[in-house]
Student: 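Encoded as structure tokens, here's the structure I'll be asking about.
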Protein chains: 2
Amino acid sequence: MNTKDLAYFHQLISQKNFSQVADHFGVTQPTITLAVQRLEREFNARLVHRDRVHSQLIVTDAGQQLDVHASAVLRSLHVAHQEIDRLTQQQTVLGLPPIIENHYFPRVAARLQAAGMLENIRTIEGGSKWLRTALHDGQADIGLLGSTAPLSYNSLVAEEFDRQPFSIFVAKNHPLARRKRITFSELRHERFVLFTRSFIHDSAFNQLSHRNHFRPNVVFRSADTHLIMNLVAENVGITFLTALVDPHRDDVVRLDLLDDEQPAFISSIVYRNNHVMTAAQKRVLEILHATLGPTGSR
Amino acid sequence: MNTKDLAYFHQLISQKNFSQVADHFGVTQPTITLAVQRLEREFNARLVHRDRVHSQLIVTDAGQQLDVHASAVLRSLHVAHQEIDRLTQQQTVLGLPPIIENHYFPRVAARLQAAGMLENIRTIEGGSKWLRTALHDGQADIGLLGSTAPLSYNSLVAEEFDRQPFSIFVAKNHPLARRKRITFSELRHERFVLFTRSFIHDSAFNQLSHRNHFRPNVVFRSADTHLIMNLVAENVGITFLTALVDPHRDDVVRLDLLDDEQPAFISSIVYRNNHVMTAAQKRVLEILHATLGPTGSR
DNA sequence: AATTCATATAAATATCTTTTATAATAGTCC
DNA sequence: GGACTATTATAAAAGATATTTATATGAATT
């Protein structure tokens with residue numbers, strides 16, 4: 001069977017129009033007709049039903065089932081292409097969310113450099129949610145992801161290596177600045193400057209505000225911790241970040257949260273469970289474990 | 001790309017001999033050479049390395065990686081074939097381990113029959129471990145599996161519906177027969193007639209004997225509960241089974257185990273996570289949930 | 001040196017895929 | 001209601017790909 005037929009078919013299921021699919025692939029319309037006919041013969045079943053009355057394409061049960069497998073097959077091949085491309089370039093792509101990159105990566109990079117392996121590492125940055133997708137479809141080989149619940153994905157292996165609480169940061173001259181600890185419910189009337197929603201901080205924050213029955217006043221969102229800290233220092237609002245983001249600055253104060261059952265920022269090493277680690281990648285993983293694992297940290 | 005090339009390649013990786021692979025598929029030897037060349041061109045990488053010196057075939061990193069994807073692709077297509085075959089025959093295959101079949105299935109079958117759906121169900125029997133594989137590669141659509149730990153598989157969804165303790169069964173005239181409860185450690189010097197190793201009972205049994213630091217004396221194994229019960233009745237030995245296997249006989253006595261942290265026989269409804277349920281299959285699942293779920297049972 | 005085993009290459013043949021050209025069917029527009 | 005449009009199907013020809021046949025190469029084995 002030709003995988004092109006699967007690609008045509010998969011596109012047909014989403015576009016539901018033979019001619020448009022043909023255009024999409026730069027082929028003529030009968031090509032698509034014939035491809036579907038070949039698949040119907042191969043699987044000995046009707047896959048789509050050309051309903052001329054309502055001029056719409058009906059996908060049969062068999063068609064739906066095949067489409068699921070077709071997309072899995074196409075994804076597999078796409079991932080294989082990317083992985084093998086990187087293998088020949090001797091590159092490993094490491095996906096890092098900004099907070100993790102700032103906090104954990106410097107130590108990892110130092111050890112990778114000492115092992116002469118840093119030049120074979122390329123990093124890509126993005127929120128944990130986006131990186132999960134990037135790992136899944138082969139754009140990255142290994143990721144350090146943050147999450148609030150232990151990760152468990154179908155095609156990914158996750159190894160938790162750290163768990164950090166979330167904290168509140170306020171300006172030095174803020175009324176709460178003298179406090180060391182605080183409960184989330186006391187923040188009911190504060191203004192918040194927060195991370196963008198694509199960060200998992202958002203789910204942790206929502207969890208806490210939902211549990212404390214109030215809708216927090218979020219005055220601004222940014223993807224940049226430094227901007228957020230600057231805004232906090234100027235008293236535009238207070239913020240909610242992991243304790244990992246140590247500001248190294250004297251105009252912002254950190255307050256620990258006292259709530260029971262707080263959400264935690266869980267950091268995990270993640271990779272595809274069908275990814276074959278090369279000798280070099282195994283060493284990268286070892287360095288990650290050694291640096292980030294219980295013995296290696298701080 | 002032609003999936004045949006992937007099949008040739010995957011076989012080559014396991015057989016490591018071009019001519020034998022050609023024989024295996026009933027084609028001539030150059031076919032395999034050319035298939036590998038096409039793949040190497042497609043992925044722009046060496047996949048195998050023909051080491052003439054030691055007359056062995058070395059698989060490159062890229063080749064290893066491709067092989068993993070090739071087998072995933074071939075499996076996907078194989079599963080698709082089976083699923084679609086059954087779809088056109090309007091059949092759903094239900095995988096059942098013997099204990100579950102005897103204990104839970106009669107009630108399910110009654111409801112399925114009442115709904116006029118029993119004739120579209122075909123069952124296959126096998127140990128839980130074998131059925132897991134059967135589900136994974138598409139021989140069955142839905143399985144009721146037993147396990148000692150909550151199931152979590154890559155490509156399978158598992159929904160736990162019951163948890164039963166394991167018990168000890170002894171002959172009526174056995175010295176222990178008057179006891180109602182017993183700890184596993186008291187069985188140190190008993191003879192055991194057990195289920196075959198392919199049943200999960202074996203892992204539970206091993207767990208208990210390991211925890212109690214003794215190697216039990218297993219005198220016989222069988223896959224047939226009735227035979228086991230007959231042997232127990234004849235005092236050939238005692239056995240270790242779930243409480244589900246209620247013998248309905250007066251020559252065998254059940255003893256509850258008193259141990260803390262006993263392993264449990266967990267029953268789950270399992271299916272492939274990429275299986276598209278037809279309307280009929282959804283109704284089968286509903287009936288399973290209704291019959292086996294917390295409300296529906298006994 | 002001759003033989004064997006394993007894989008590669010080239011040309012011919014067989015098979016599959018795509019295009020071109022056209023037909024069929026139903027809906028829309030005036 | 002006939003012309004027109006949109007969509008998919010079919011048949012034959014052309015183009016592309018896969019497989020075979022026949023033979024070569026290269027190293028190990030006898």
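No experiment lies behind these values; they were computed from the predicted model shown.
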Student: Exactly one of A/R272, A/R122, A/K282 should register a salt bridge (charged side-chain N to carboxylate O under 4.0 Å, His left out) with A/D141. Which one does?
Tutor: A/R272
Student: Grab the CG-C1' distance between B/L57 and C/dT7 for me, whole Å please.
Tutor: 10 Å
Student: Please determine whether a side-chain nitrogen or oxygen atom of B/K4 lies at a distance below 4.0 Å from atom OP1 or OP2 of D/dT17.
Tutor: no
Student: Considering residues at least two apart in sequence or located in another chain, which fulfil the ring pair (Phe, Tyr, Trp, His ring centres under 6.0 Å) criterion with A/F25?
Tutor: A/Y8
Student: Atom CD1 of A/I58 and atom C1' of D/dT8: how far apart are they, to the nearest Å?
Tutor: 15 Å
Student: Of all residues at least two apart in sequence or in a different chain, which pass the ring pair (Phe, Tyr, Trp, His ring centres under 6.0 Å) check with B/F195?
Tutor: B/F199, B/H201
Student: Tell me what A/L34 touches on the nucleic acid: a base, only sugar-phosphate, or nothing, going by heavy atoms under 4.0 Å.
Tutor: base
Student: Tell me which residues in residues 11-29 of chain B lie within less than 4.0 Å of DNA chain D, going by non-hydrogen atoms.
Tutor: B/V27, B/T28
Student: So, is B/Q37 close to the C/dT7 phosphate, meaning a side-chain N or O under 4.0 Å from OP1 or OP2?
Tutor: no
Student: Partners of B/A72 by side chain to side chain contact (heavy atoms under 4.5 Å, CB included), sequence neighbours excluded?
Tutor: A/S76
Student: Roughly how many Å is it from CG in A/L6 to P in C/dT17, rounded to a whole number?
Tutor: 12 Å
Student: Between atom NE2 in A/H49 and atom C1' in C/dT25, what is the gap in whole Å?
Tutor: 15 Å
Student: Below 4.0 angstrom from OP1 or OP2 of C/dT15, is there any side-chain N or O of A/R38?
Tutor: no
Student: Where the side chain of B/R50 is concerned, which of C/dT7, D/dT20, D/dA18 is the nearest nucleotide?
Tutor: C/dT7
Student: Check side chain to side chain contact (heavy atoms under 4.5 Å, CB included) between A/P97 and all other residues, then give those that pass, not counting sequence neighbours.
Tutor: A/I100, A/S128, A/L131
Student: List for me each residue that meets ring pair (Phe, Tyr, Trp, His ring centres under 6.0 Å) alongside B/H69, sequence neighbours excluded, and say none if there are none.
Tutor: none
Student: Could you check how far CG of A/D5 sits from C1' of C/dT15, rounded to whole Å?
Tutor: 14 Å
Student: Would you say that more than 12 heavy atoms from the other residues, nucleotides or ligands in this model lie under 6.0 Å from the CG of B/N154, or not?
Tutor: yes
Student: Rounded off to whole Å, could you give me the CD-to-P distance for the B/E42 and D/dA16 pair?
Tutor: 18 Å
Student: Specify the separation, in whole Å, of atom CD1 of A/I32 and atom P of C/dT17.
Tutor: 13 Å
Student: Roughly, in whole Å, what's the span from CD in A/E40 to P in D/dT10?
Tutor: 11 Å
Student: Any idea which of D/dT10, D/dT21, D/dT19 is nearest the B/Y8 side chain?
Tutor: D/dT19
